[in-house]
There are 2 protein chains.
Amino acid sequence: MTKPHVHRVTRAEVAKEAGTSVAVVSYVINNGPRPVAQATRERVLAAIKKTGYRPNGIARALASGTTRTYGLVVPNIANPFISSMAHALQQEAFADGRVLLLGDSGDDRARELELINNLLHRQVDGLIYTSVDRHPYIDLIQASGTPCVMLDRVEPELNVCSIQVNEQHAARRATRHLIEHGYRDIAIICGPQEMLNTQDRISGWRLALEEAGLAVRPEWIFSTDYTRQGGYDATKQMLAGELPRALFATNEQQAFGCLRALSEHGLSAPKDLALVCFNGTLESAFNVPSLTTVRQPVTQMAKKAVEMLKKWDGQPHKYEFDFELEIGGSCGCRSLTTSRKSQVT
Amino acid sequence: MTKPHVHRVTRAEVAKEAGTSVAVVSYVINNGPRPVAQATRERVLAAIKKTGYRPNGIARALASGTTRTYGLVVPNIANPFISSMAHALQQEAFADGRVLLLGDSGDDRARELELINNLLHRQVDGLIYTSVDRHPYIDLIQASGTPCVMLDRVEPELNVCSIQVNEQHAARRATRHLIEHGYRDIAIICGPQEMLNTQDRISGWRLALEEAGLAVRPEWIFSTDYTRQGGYDATKQMLAGELPRALFATNEQQAFGCLRALSEHGLSAPKDLALVCFNGTLESAFNVPSLTTVRQPVTQMAKKAVEMLKKWDGQPHKYEFDFELEIGGSCGCRSLTTSRKSQVT
DNA sequence: ATGAAAGCGCTAACAT
DNA sequence: ATGTTAGCGCTTTCAT
């Protein structure tokens, strides 16, 4: 019952000032649910202005049962792909009068659990969730009855809503692009093996190789963290063995780590190693060389995610979005085509 | 009074189940403010487990007057420097049991106002604020009595708390580093002229030049957005005139835009243009070439920001942090020293 | 069209 | 050590 803030004007004072009941003040503020006579409305508005009244969102949330808040749970907001998604989600949510509670788990599964519990206690109206793990805390969320949209793939048998691109297809498409360049020795730097998205991306890579009749060499699967350092370390390791001619890095950060490691050995892309990556952002487009990358339609996905939370019906809808293979210079295309429009102008 | 969620267990049910009063349930949950007999405590805990009770954070916030939430207002969460700061802030805040409400204004001043109003209505316990503009909405925040820490410099006469590095010093130091390399023709790519941080960074640059007896050429001040595209455009413009030998880019994104533009003209750093930038992140360390950059102690600053909100006393404390000039390859140092430890291992 | 009042689920002061 | 209850500031139903 401690009130840390300065005195706050309440609805009662406004009502007194306007000479009405508190209910009418609510009707004016909320534009409903009942009509208010024009004269009364004006008196109320004047009283609001005069008193400097500001509705208390917490009290409103308690009474109305909606916090007008979504929770966003992500592994790490410092990942540019994720922060670009967060940006789009916030824009979208705010257009609907809602704000995002940021839950950044710092790539830590225990922390992720704490955050989800915390956000659920806060009665968020919905959760937008990317787990650090292949076993997201779905039960917990469903038990609370909170609408939830997953932003990655989950075990098919889980009855959850999800939004994603088909990552296996995308990985296959990216790898196939390298094959079309004529490369036959194609390695992959991927995330932790147990994660579903890692598995999808590996299997897409494998599929493309098999379709082209190329050998799948297990020693050319470099599993590491989805970080720059991970890509760097994996590449160092790769450089210690027989060097492939091309590489599929399963996220943008790994690709950057890879380029750095290459450069420390006097190597570069696409000259010594052709490179494509997954989930590129503006960074890929501006990098030198620009990165050929699988692009997810972040803005559209954000729109859909918010829409799904708004229209929540408890059914486990799954939406799949088309990805785009954005051609940059890292795969060697730039030396093949001379007249390509620049990415960045 | 709509309850969108499934039935939620309340404290009353727990009390009934445990055969105690509701107050005791609170005391158990909150570990106070009054002691509870061990036996009772255990009965309550058992009842909580059995019923699946979860405290309602909103009701708690209304009754206690604290939402255990901070608002974070930033120009754009997709900016890597900002998202790394957001990451650190969230970690720090959560250690204190609080969560961040993300207010991403999308570089739009009107949106920023809406967001601040929204967050204030939500009764956030504090605000961490970086404005898109030189005139932040301080009055509004102060009128609400909400603790607030600014993360950039504000007009000195404003009585607000702020945390920052001395940007003029940092800019001067960065520029001086270029001068120490022997470069005499040093340009600057900066942000919008009216912003205080732009002015600080320009004046630091200017000061360093003057101290070295070098000419300050107004045509070598390229004002643009703090974005990759901005850096790109400014560099294109620069390339149309007489090319300087060195450049100070006033944020990391501009630096990347610059490198891209250079590359499209067959030029590169540090060979054709030595480059240092402001507010580098891990991206600078991993880029090829790695970027020489002013680094802010993001983690410490986040710690301090949260601490200031916790210990709020209404006084306009200002904290200045030491920056670090992180040496990379973009300024030419790499060719001078051969034995430098790698940045990224 | 408006007023009165019953919650929303909790905290904590006031009882015992 | 524990029970009872008055708020917290709002939404909305039930009256009028």
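Using modelled atom types and a 3.5 Å distance limit, the side chains of A/N79 and A/Y226 yield no donor-acceptor pair. A side-chain donor-acceptor contact under 3.5 Å links A/Y129 and A/E112. Using modelled atom types, one finds a donor on one side chain and an acceptor on the other under 3.5 Å when comparing B/R122 with B/N118.
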Heteroatom pairs (N/O) under 3.5 angstrom, protein to nucleotides 2-4 of chain C:
residue : atom : partner : partner atom : Å
C/dT2   : OP1  : A/T40   : OG1          : 2.3
C/dT2   : OP2  : A/A37   : N            : 2.7
C/dT2   : OP2  : A/T40   : OG1          : 3.4
C/dT2   : N3   : A/R34   : NH2          : 3.4
C/dT2   : O4   : A/R34   : NE           : 3.1
C/dT2   : O4   : A/R34   : NH1          : 2.6
C/dT2   : O4   : A/R34   : NH2          : 2.8
C/dG3   : OP2  : A/S21   : N            : 2.7
C/dG3   : OP2  : A/S21   : OG           : 2.9
C/dG3   : O6   : A/R34   : NH1          : 2.9
C/dG3   : O6   : A/R34   : NH2          : 2.4

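One can place CG of B/L62 at 6 Å from C1' of D/dG9, the figure rounded to the nearest angstrom. Rounded to whole angstrom, the span from the CD1 atom of B/I29 across to the C1' atom of C/dA12 amounts to 14 Å. For the pair B/N30 CG and C/dA13 P, the interatomic distance rounds to 13 Å; values are reported in whole Å. To the nearest angstrom, P of D/dG9 lies 15 Å from NE2 of B/H121. Put simply, CD on A/Q123 is 14 Å from P on C/dC8, counting in whole angstrom units. Computed from coordinates, the B/N56 CG to C/dC10 C1' distance equals 8 Å when rounded to whole Å. Residue A/N31 contributes atom CG, which lies 13 Å from atom P of D/dT12 at whole-angstrom precision. What separates CD of A/E13 from C1' of D/dG9 is a distance of 11 Å, to the nearest Å.
Contact check for A/V22 versus A/T10: no side-chain heavy atoms found under the 4.5 Å cut-off.
Each of B/K303, B/K311, B/K310 was checked for a salt bridge (Lys or Arg N to Asp or Glu O under 4.0 Å) with B/E307, and the lone residue meeting it is B/K311.
The line from CG of B/D152 to CZ of B/R134 is 11.5 Å long, rounded to the nearest 0.5 Å.
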